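Step one of this worksheet: look at the structure below.
We're numbering straight along the sequence, starting at 1. Remember, predicted model here, so these are calculated numbers, not experimental data.
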Amino acid sequence: MEQVIRELTAEDYAQWKSLWLGYLDFYVSEVTEEVTNTTFQRLVAEGEPMHCLVAEEQGKLTGLVHFICHRSTWTLGDYCYLQDLFVSPDGRKQGTGRALIAAVNAAAEALNCSKVYWMTRENNYRARALYDQVATKTDFVQYRVAP
């Protein structure tokens with residue numbers, strides 16, 4: 001089967017939502033329907049800094065990656081934050097995650113971004129095995145404050 005990595009379209013909503021809900025389940029998280037719908041609209045809107053690429057095989061979406069380009073005080077070029085990456089169970093171990101990361105790297109380069117970065121949970125060992133092959137782990141620690 002040939003895998004295609006492409007931009008999300010408005011017609012992909014049902015399949016995207018299924019993947020999105022799978023991603024949220026993986027992280028034992030929930031968002032409202034309003035957040036889900038707004039996120040999708042942002043991902044398909046022109047001029048938004050939020051983007052989505054999907055992996056497709058024979059008309060079925062098997063993976064997604066969301067990324068956001070933003071300014072930095074450290075470089076002239078933007079940074080690219082890879083926010084969400086998810087591959088459905090039937091799409092795993094086929095290079096889908098690696099292909100989605102490579103596609104984000106290519107998009108970031110085309111957008112003149114200075115770097116691509118992301119976070120994952122410490123115990124996400126399966127994903128980290130891939131990330132250790134395609135990126136460099138940093139020593140930064142994340143802190144959060146709810147406004």
Side-chain angles (χ1 to χ4, degrees), residues 1-70 72 78-146:
M1 287 184 249
E2 186 173 328
Q3 176 176 256
V4 174
I5 306 296
R6 63 171 178 78
E7 290 183 12
L8 182 72
T9 68
E11 292 76 30
D12 294 323
Y13 179 74
Q15 290 191 71
W16 170 87
K17 185 175 179 184
S18 178
L19 290 169
W20 173 240
L21 294 176
Y23 177 77
L24 292 174
D25 284 346
F26 176 81
Y27 278 110
V28 191
S29 298
E30 292 181 8
V31 298
T32 65
E33 191 71 18
E34 180 182 19
V35 169
T36 292
N37 291 333
T38 300
T39 296
F40 184 80
Q41 291 308 313
R42 289 174 176 166
L43 292 169
V44 296
E46 287 289 321
E48 273 283 341
M50 292 178 65
H51 306 276
C52 178
L53 299 172
V54 292
E56 180 181 37
E57 290 183 27
Q58 296 184 328
K60 181 179 180 189
L61 299 188
T62 59
L64 62 75
V65 62
H66 302 148
F67 58 101
I68 301 168
C69 298
H70 64 87
S72 169
D78 289 349
Y79 284 176
C80 178
Y81 174 49
L82 190 160
Q83 188 170 19
D84 310 310
L85 174 65
F86 182 74
V87 176
S88 65
D90 57 333
R92 294 180 187 155
K93 297 196 179 208
Q94 298 178 33
T96 304
R98 182 181 301 268
L100 287 166
I101 292 169
V104 169
N105 286 338
E109 183 177 2
L111 293 167
N112 296 313
C113 293
S114 300
K115 73 175 176 183
V116 175
Y117 70 101
W118 62 91
M119 299 179 293
T120 194
R121 285 202 172 144
E122 186 75 27
N123 67 353
N124 191 358
Y125 300 112
R126 182 180 299 179
R128 289 184 59 205
L130 169 62
Y131 302 160
D132 288 343
Q133 295 174 28
V134 301
T136 303
K137 183 179 178 265
T138 70
D139 61 352
F140 280 84
V141 176
Q142 181 190 45
Y143 291 86
R144 294 181 185 180
V145 175

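Note: F86 and Y23 have perpendicular aromatic rings, judged against thresholds of 30 and 60 degrees for the angle between ring planes.
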Next item on the list: Determine, step by step, whether Q15 and E56 satisfy the side chain to side chain contact (heavy atoms under 4.5 Å, CB included) criterion, reporting the C-alpha distance in whole Å, the side-chain angles of both residues, the deciding distance to 0.1 Å, and the verdict.
Entry: CA-CA 10 Å; Q15 290 191 71; E56 180 181 37; 5.7 Å; no
Next item on the list: Output, in order, the C-alpha distance, side-chain angles, deciding distance and verdict of side chain to side chain contact (heavy atoms under 4.5 Å, CB included) for F40 and T36.
Entry: CA-CA 6 Å; F40 184 80; T36 292; 5.8 Å; no
Item checked: Audit row: E48, Q41, side chain to side chain contact (heavy atoms under 4.5 Å, CB included) steps and yes/no -> CA-CA 10 Å; E48 273 283 341; Q41 291 308 313; over 6 Å; no
Margin query: Please determine whether side chain to side chain contact (heavy atoms under 4.5 Å, CB included) holds for the pair L111 and D78, giving the CA-CA distance in whole Å, both sets of side-chain angles, and the decisive distance to 0.1 Å.
Written below: CA-CA 8 Å; L111 293 167; D78 289 349; over 6 Å; no
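In this structure, F67 and V116 have side chains that are not in contact, with every pair of non-hydrogen atoms separated by 4.5 Å or more. With contacts defined as side-chain heavy-atom distances shorter than 4.5 Å, the pair E7/L53 qualifies. With contacts defined as side-chain heavy-atom distances shorter than 4.5 Å, the pair R6/L61 qualifies. H66 has its side chain out of reach of M50: every pair of non-hydrogen atoms, C-beta onward, lies at least 4.5 Å apart.
Remark: side-chain polar atoms of D12 are paired, donor with acceptor, to backbone N or O of T9 under 3.5 angstrom. At distances below 3.5 Å, at least one donor-acceptor pair connects side-chain atoms of R92 with backbone N or O atoms of V87. Here the side chain of E57 pairs no donor or acceptor atom with the backbone of G91 at under 3.5 angstrom.
Sequence neighbours left out, the pairs with a member in residues 87-119 that pass ring pair (Phe, Tyr, Trp, His ring centres under 6.0 Å) are H70-Y117, Y81-Y117, W118-Y131.
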Give the table of side-chain donor-acceptor pairs shorter than 3.5 Å for residues 101-109, with sequence neighbours excluded, one pair per line with atom names and distance.
none

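Here the CG atom belonging to L8 is positioned 11.0 Å from the OH atom belonging to Y13, to the nearest 0.5 angstrom. For the atom pair CD (Q58) and CD (E2), the distance works out to 10.0 Å, reported to the nearest 0.5 Å. Annotation: the span from E30 atom CD to D25 atom CG amounts to 8.5 Å, rounded to 0.5 Å. Rounding to the nearest 0.5 angstrom, the gap separating the OG1 atom in T120 from the CG atom in D84 is 10.5 Å.
Counting heavy atoms of neighbouring residues, nucleotides and ligands inside a 6.0 Å radius, atom CD of Q142 exceeds 12 of them.
In terms of heavy atoms, R128 sits closest to E122 at NH1-O, 2.7 Å. The two residues A10 and V44 make their nearest non-hydrogen contact at N-CG1, 3.9 Å.
In this view, A55 and Q3, I5, T62, T96, L100 satisfy the side chain to side chain contact (heavy atoms under 4.5 Å, CB included) rule, not counting sequence neighbours.
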